[in-house]
Amino acid sequence: MSWTREDLHRLIKTKLADRLFIVVSNREPYIHISSGDEIQCVVPVSGLTVALDPVMRACGGVWVAHGSGTADRRVVDDKNRVMVPPDEPSYSLRRIWLTREEEDGYYLGFSNEALWPLCHLAYAPPIFYEADWNTYKKVNQLFADAVLDEIGDRQAFVFIQDYHLALLSRLIKAQNPQVTTAQFWHIPWANPEVFRICPWGEELVDGLLGNDLLGFHIGYHCDNFLNTVNLLMEARIDYERSAVIHDGKTTLVRPFPISVDFDQISQDAASENIKREMERIRHTWKLDDKIVGVSVDRVDYTKGIPNRLLALDKFLAKYPEYQRRVVLLQLAEPSRTHIRKYKELNLEIDDLVEEINWKYQSGDWKPIIYIREHCSPPGILAFYRLAHFCIVSSLHDGMNLVTKEFISSRVDEDGVLILSRFTGAARELTEALFINPYATDDFAETIRKAIEMPKRQRQARMRKLRHTVEQNNIYKWAGNVISELTNLGL
Ligand code: ADQ
């Protein structure tokens with residue numbers, strides 16, 4: 001039996017009882033934007049919202065996040081709160097306001113130019129500026145003040161998300177030691193040799209050790225974290241219990257592999273709506289007699305997009321019989337475009353797409369269709385369903401949810417997943433075809449294997465992959481974190 005939304009709902013009712021449950025993340029679950037005279041409420045595409053929105057609806061807690069929408073200020077009360085979701089108000093969203101300078105230093109600067117490259121082995125050097133670090137600390141304090149204000153004198157569980165808020169639990173506990181906190185780190189944790197280049201590494205790790213529970217996607221990242229603590233701090237590591245004891249306080253370190261809403265995606269992917277969308281895409285891009293590969297990413301240097309294009313180039317050169325027959329649809333959502341490294345990556349991808357298409361194109365066929373835009377969720381499902389193969393070639397990735405979305409969408413039990421060994425998902429999805437995205441020749445060979453795999457083998461693999469994702473869905477993830485958290489605090 002797999003976990004359902006109702007199971008999660010029941011768990012919350014029994015475990016949380018009357019305690020206040022607070023989620024804190026940089027990104028908000030609902031964004032209000034101005035559209036002419038109207039205000040629209042938009043749900044950003046994110047696994048996090050899918051996972052935690054039902055939790056919040058069930059327990060009616062508070063979600064604290066940075067208010068980034070153009071109309072966010074217009075809808076809040078004098079405590080910067082708005083009830084969400086708009087169609088069924090059930091919990092409170094408390095917004096934090098940041099100045100342009102604070103966003104630059106905390107979000108673009110320390111979070112995304114220092115911590116993001118530090119934690120991902122993708123050969124992009126982190127950039128450490130003291131001013132960014134100071135802003136990061138200041139903004140973490142702003143979040144802590146808002147959380148403490150929400151808690152007042154109640155008993156509370158606080159569930160903190162990701163690398164933007166590494167200092168938060170420590171700052172909360174400094175004012176209110178009774179609060180129970182857990183944090184989930186959505187990206188990898190580097191090994192200690194890599195991590196030690198962070199000039200404020202000890203302070204950062206100390207901040208995380210304010211938590212009662214610290215979660216990563218996989219055991220390997222937990223081990224890296226424990227080894228980093230061992231290297232940097234005067235703390236006792238209990239490898240048996242996977243815990244750190246520091247200043248008399250224990251932090252449990254646990255793997256919680258994140259996932260998607262398998263049932264919902266399967267149901268959506270089987271709808272008439274998606275079938276119509278598939279027809280539209282087939283027609284627009286003239287795909288009827290083509291072998292279609294699909295990739296879906298935020299444009300990020302950790303996702304290995306150039307490596308994938310080079311492998312496709314190699315494949316077409318080595319197997320010219322597939323020219324005019326294979327098409328790679330690359331959906332690419334622009335991301336962090338104010339950061340130089342991302343601007344350079346966009347240029348590099350544009351050049352590669354242009355070069356490879358120029359080299360092979362013939363008649364109205366070209367091998368790469370590059371769609372640089374944010375795509376609606378039904379749109380993405382239609383692309384997944386059209387694919388003979390889906391390529392995920394991350395150089396390093398905490399989990400990678402595209403893999404699990406692709407699998408969940410394949411109600412026809414067909415399609416091959418080509419998956420980088422360097423994703424968290426590779427640990428679970430053992431029926432994928434694995435690649436090392438740096439090994440271009442092998443990668444090209446794997447594309448051939450995916451295309452030539454007999455249907456029965458494709459289906460057998462896809463059935464197993466679907467079973468894995470169905471059993472380990474997003475509700476199980478949230479349920480496991482909440483069970484572990486409440487076991488600590490009750
Ligand atoms: P991300 O690095 O953002 O997440 P991922 O897990 O793959 O990576 O999620 C990307 C999401 O964006 C998917 O839901 C996908 O559908 C969506 N997306 C991608 N391209 C899109 C497009 N063109 N239009 C619309 N949507 C698009 C971080 C970590 C991951 C970890 C997650 C969750 O880096 O390792 O899996 O958090 O913990």
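Just so you know, these numbers use all the heavy atoms, side chains as well, and skip hydrogens, waters and symmetry mates. All ligand and atom numbering here is 1-based and tracks the order in the structure. Since the structure is predicted, the reported quantities are computational estimates derived from the model, not experimental observations.
- Counting heavy atoms under 4.0 Å from ligand 1, residue Ile371 does not touch it at all.
- When the options Asn473, Asn472, Asn480 are evaluated for a side-chain hydrogen bond (donor to acceptor under 3.5 Å, both in side chains) with Lys476, the one that passes is Asn472.
- Below 3.5 Å of separation, one finds an N or O of Leu401 facing an N or O of ligand 1.
- Residue Trp116 touches ligand 1 through its side chain alone, judged by heavy-atom distances below 4.0 Å.
- Less than 4.0 angstrom separates some heavy atom of Gly398 from each of these atoms of ligand 1: 35 (O).
- Taking the charged nitrogens against the carboxylate oxygens, Arg196 and Glu193 do have a contact shorter than 4.0 Å, which makes a salt bridge.
- Between atom CZ of residue Phe383 and atom CG of residue Leu329 there is a gap of 5.5 Å, rounded to the nearest 0.5 Å.
- If you run ring-ring contact (aromatic ring centres under 6.0 Å, His included) between Trp116 and each of Tyr107, Trp185, Tyr163, only Tyr163 comes through.
- Checked against the 6.0 Å centroid threshold, Phe225 and Trp189 count as a close aromatic pair.
- The distance from ligand 1 to the heavy atoms of Val296 drops below 4.0 Å at these ligand atoms: 19 (C), 20 (N), 21 (C).
- At a 4.0 Å cut-off, not a single heavy atom of Trp185 sits close enough to ligand 1 to count as contact.
- The nearest non-hydrogen atom to atom 30 (C) of ligand 1, considering only Asp397, Asp162, Ile258, comes from Asp397.
- At least one heavy atom of Glu373 sits closer than 4.0 Å to an atom of ligand 1.
- Close approach of ligand 1 to Glu405 is summarised as follows: ligand atoms under 4.0 Å from at least one heavy atom of the residue are 13 (C), 14 (O), 15 (C), 16 (O).
- Considering backbone and side-chain N/O atoms, Cys375 comes within less than 3.5 Å of an N/O atom of ligand 1.
- Taking each of Lys404, Gln330, Glu333 in turn, the one with a heavy atom nearest to atom 27 (C) of ligand 1 proves to be Glu333.
- By the neighbour-count criterion of 12 heavy atoms within 6.0 Å, atom CD of Glu38 is sparsely surrounded, having that number or fewer from other residues, nucleotides or ligands.
- The distance between the ring centers of His217 and Phe184 falls below 6.0 angstrom.
- Contact annotation: for Ala332 versus ligand 1, heavy atoms closer than 4.0 Å belong to the backbone alone.
- Heavy-atom proximity to atom 20 (N) of ligand 1, evaluated over Asp297, Ile187, Leu331, is greatest for Asp297.
- Here is the list of ligand 1 atoms found below 4.0 Å of a heavy atom in Ile380: 16 (O), 24 (N), 25 (C), 26 (N), 27 (C).
- The distance from the CD atom of Glu113 to the CG atom of Leu118 is 13.5 Å, given to the nearest 0.5 Å.
- Numbered from 1 in the order shown, with element, the atoms of ligand 1 that lie under 4.0 Å from a heavy atom of Arg298 read 1 (P), 2 (O), 3 (O), 19 (C), 20 (N).
- Here the rule is side-chain hydrogen bond (donor to acceptor under 3.5 Å, both in side chains) with Glu333, and of His374, Arg298, Arg372 only His374 fits it.
- Those atoms of ligand 1 with a heavy atom of His217 less than 4.0 angstrom away are 31 (C), 38 (O).
- Residue Lys303 holds the heavy atom nearest to atom 1 (P) of ligand 1 of all those in His186, Lys303, Met399.
- Residue Val147 forms a side chain to side chain contact (heavy atoms under 4.5 Å, CB included) with just one option from Val158, Val179, Leu171, and that option is Val158.
- Atom NE2 of His338 has 12 or fewer neighbouring heavy atoms from other residues, nucleotides or ligands inside a 6.0 Å radius.
- The ligand atoms of ligand 1 that sit less than 4.0 angstrom from a heavy atom of His374 are 24 (N), 25 (C).
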